[in-house]
Amino acid sequence: MTRASDQSNAEPATLTLAADFPAPSHQEWQDLVAGVLRKKGREPGEVPERALESTTYDGITIKPLYTAEDLEGLPPSGVPGLPPYVRGGRAEGRGTGWDNRPLHTDPDVGVTNAAILTDLENGASSIWLRDLPPAQLPEILHGVYVEMAPVVLDVGERYAEAADALLQLFAERKVPDTEVVATFGADPISLRARTGEPHDVAPAAEFAARIAAAHPKARSTVVDATPYHEAGGSDAQELAAALAAGVAYVRAFTEAGLSPEQAAAQLEFRYAATADQFLTIAKLRAARRLWARVCEVSGAAGVPQVQHAVTSSAMISKRDPWVNMLRGTVACFAAAVGGADAITVQPFDAAIGLPDTFSRRIARNTSSILAEESKLSGVIDPAGGSWFVEKLTDDLARAAWREFQELESLGGIVAALDSGALAERLEATWQARAKNLATRKDPLTGVSEFPNLDERAIERKPLPASRSGGLPTIRYGQEFERLRDRAEANPGGRPRVFLATLGPIAQHTARATFAANLFAAGGIEAVNPGATASTADVVAAYLCSHTSVACLCGTDLAYEEQADEVAAALRKAGATRVLLAGKPSDAYTGVDGFIYAGCNALEVLTATLEHLEVA
């Protein structure tokens, strides 16, 4: 017989964590959204959540809430390590993590060799060498166990020469040809994109056939999609360009005598990973699905896409470069969750010059910590099952497939590059992105938002000359950084703007802080006099500021009562340009312009600098 006390203490058969909470309905959530919107003075409409939606540069709508219904009709993601590889081709069920792959570009052979050995001794598992002389590979790789740490070459059109030099090292180590593991980096299409010069695919096909016949574990070719990303392209455009280049290589390789399986196995794909973690995760997952479809129809089913993710060069800033550590960490996390086989975290000073030992260590350890201490490498497809990620993966794959079909209709990627059609499509996306950057809809911490005027410059050895002449290479913060450079080169010292603060601190501090932040993004110092009680106080403070530009900062009520009077007094005192921190209005006759959330900050800053330089 069981006592009542025993029954009350018995564990339930199942444990439901949300059992004590009522199950909310979608309508209840919508009502809460509508309430918040009304508090902000916005009309919610019939479907309130639409006010919270955003759109990517590929036209994909990002909703604020996803449910299981969003996955209805979507193809299944499959089993980890099996076609269509959405859930990861990296682990293939092993859960062994990703290659920590540092990049080396320093032309000083001794420095590069020491840096490589340091990387390999402290967590790196493969090495990426870019634009280093093939003849110096024995010195560069002196002391490196190339049979244990795979080497990835990236030397442009000299790939065959570099491959021979590396293979000689394997021969000296008595490594059998069938056991050579390396990526030799042939990529004439990417080289064409970067330089604008024709580079024939046929020699690369012959090279691939030679490598496939003698070194079955090596890869001859890289499909580098980063030039399209660095030209300002969207995620779908990057995926489509990679897909089109991959198809072009498979066609050429099979014509050179390789089977479809052998041709597909010769390729490694390189993508940019950005601080938009969900788009990066979805991009890598979508890339595998797209390539699996290409392989399926070309007779190479069962060959997974090998992915190398590189933290984006476009997102790296020269200004406040320490913030790049955060961007790099998020991008590395996203690449790992997305299932990349190898990840390169660029050092935080990569846009300034050649990285030093400290920045290289931080970059290397970012990947190591995520893999080993955060245990991210022990989970296969961490994002699998997320309604948002699964839907975003499908949407991105479909958008990329449409872009791919467009490139194919133009005659393939080589024809699209030669005609300029691909450059035009990338430029259109860049112009849309540039507008959002200028208005700070896409904010850049440390550059367009929260800039540090007192930051100390970092000195680095200059970067080697890069390949150029083809698609442009942009960085998201470049226009703001040009303004900062221009302001700091001003022969009269740092340009200044006077903040005409109206009333006590509590009444003007919000707009004064906003204005100071905006002007600092262009390298302009804001002079804040603090609390003022009258127009005479404002003018007296202005006369001590030694500038010709003023910006009114106060409440809407203060503007109604004082704006025209203060603006007229400032002009009489010598101000030649008067701005107002607030929404544009015809009510103020003495104001030349307005600064506000969503204004074109680049235009305001450029006009202000030009005015100060003339004055």
Side-chain angles (χ1 to χ4, degrees), residues 26 29-71 74 229 232-240 271-287 312 314-315 326-327 330-331 333-335 337-338 383 386-403 425-426 428-445 447-450 474 476-477 480 514 583 596-602:
H26 187 74
W29 179 79
Q30 286 182 312
D31 292 342
L32 291 173
V33 171
V36 172
L37 291 173
R38 290 192 183 97
K39 287 181 181 179
K40 292 184 174 292
R42 300 173 62 181
E43 181 55 43
E46 294 183 7
V47 186
E49 59 262 41
R50 286 183 180 166
L52 306 180
E53 293 177 348
S54 61
T55 305
T56 73
Y57 291 104
D58 293 307
I60 297 170
T61 298
I62 304 296
K63 302 193 299 183
L65 180 69
Y66 287 81
T67 68
E69 294 178 359
D70 291 294
L71 303 190
L74 267 61
H229 166 80
S234 67
D235 295 286
Q237 287 173 326
E238 182 185 354
L239 287 174
Y271 298 103
T274 73
D276 191 327
Q277 66 174 13
F278 289 110
L279 273 173
T280 297
I281 293 168
K283 178 168 68 177
L284 297 179
R285 299 173 93 246
S312 165
M315 75 176 180
L326 303 180
R327 298 185 182 105
V330 174
F333 172 85
V337 172
S386 162
W387 293 321
F388 174 36
V389 173
E390 297 286 6
K391 183 66 167 63
L392 185 58
T393 298
D394 185 72
D395 288 342
L396 192 52
R398 293 177 185 277
W401 190 260
R402 289 191 294 270
E403 285 284 336
R425 299 177 72 83
L426 297 173
T429 302
W430 167 237
Q431 289 304 320
R433 190 189 300 274
K435 181 179 178 180
N436 287 339
L437 290 165
T439 59
R440 304 193 295 179
K441 182 179 180 181
D442 288 354
L444 300 172
T445 303
V447 181
S448 65
E449 293 279 15
F450 311 110
I474 58 92
Y476 299 152
F480 285 97
F514 170 83
K583 289 289 186 181
Y596 53 93
C599 73
N600 192 313
L602 276 178

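Remember, predicted model here, so these are calculated numbers, not experimental data.
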Practice item. Check the surroundings of atom NZ in K441: do more than 12 heavy atoms from other residues, nucleotides or ligands lie under 6.0 Å from it? Key: no

Can you tell me how far apart [atom1] ([X]) and [atom2] ([Y]) are? Round to the nearest 0.5 Å.
| X | Y | atom1 | atom2 | value |
| --- | --- | --- | --- | --- |
| T61 | K391 | OG1 | NZ | 8.5 Å |
| L239 | E403 | CG | CD | 10.0 Å |
| L74 | D394 | CG | CG | 3.5 Å |

Review point. Can we say E49 and K63 salt-bridge, meaning some charged N sits less than 4.0 Å from an Asp/Glu carboxylate O?
Key: no

Check your understanding: Taking it one step at a time, do I60 and T55 satisfy side chain to side chain contact (heavy atoms under 4.5 Å, CB included)?
Key -> CA-CA 5 Å; I60 297 170; T55 305; 6.0 Å; no

Practice item. Kindly indicate, with the supporting measurements, whether the criterion side-chain hydrogen bond (donor to acceptor under 3.5 Å, both in side chains) is fulfilled by D58 and S234. Key: CA-CA 6 Å; D58 293 307; S234 67; 2.4 Å; yes

Exercise for review: Would you mind reporting whether I62 and E53 have side-chain heavy atoms less than 4.5 Å apart?
Suggested key: no

Check your understanding: Does any donor atom in the side chain of R285 or T393 lie under 3.5 Å from an acceptor atom in the other side chain?
Key -> yes

Review point. So, E69 and H26: side-chain donor and acceptor under 3.5 Å apart, yes or no?
Key: no

Check your understanding: Mind checking whether W430 and Y476 have parallel, tilted or perpendicular rings, split at 30° and 60°?
Key -> parallel

Check your understanding: So among D235, T429, N436, which one has a side chain to side chain donor-acceptor pair (under 3.5 Å) with Y57?
Key -> N436

Check your understanding: Quick one: ring pair (Phe, Tyr, Trp, His ring centres under 6.0 Å) partners of W387, sequence neighbours excluded?
Key -> none

Exercise for review: Could I get the full list of ring pair (Phe, Tyr, Trp, His ring centres under 6.0 Å) partners for Y66, not counting sequence neighbours?
Suggested key: F388

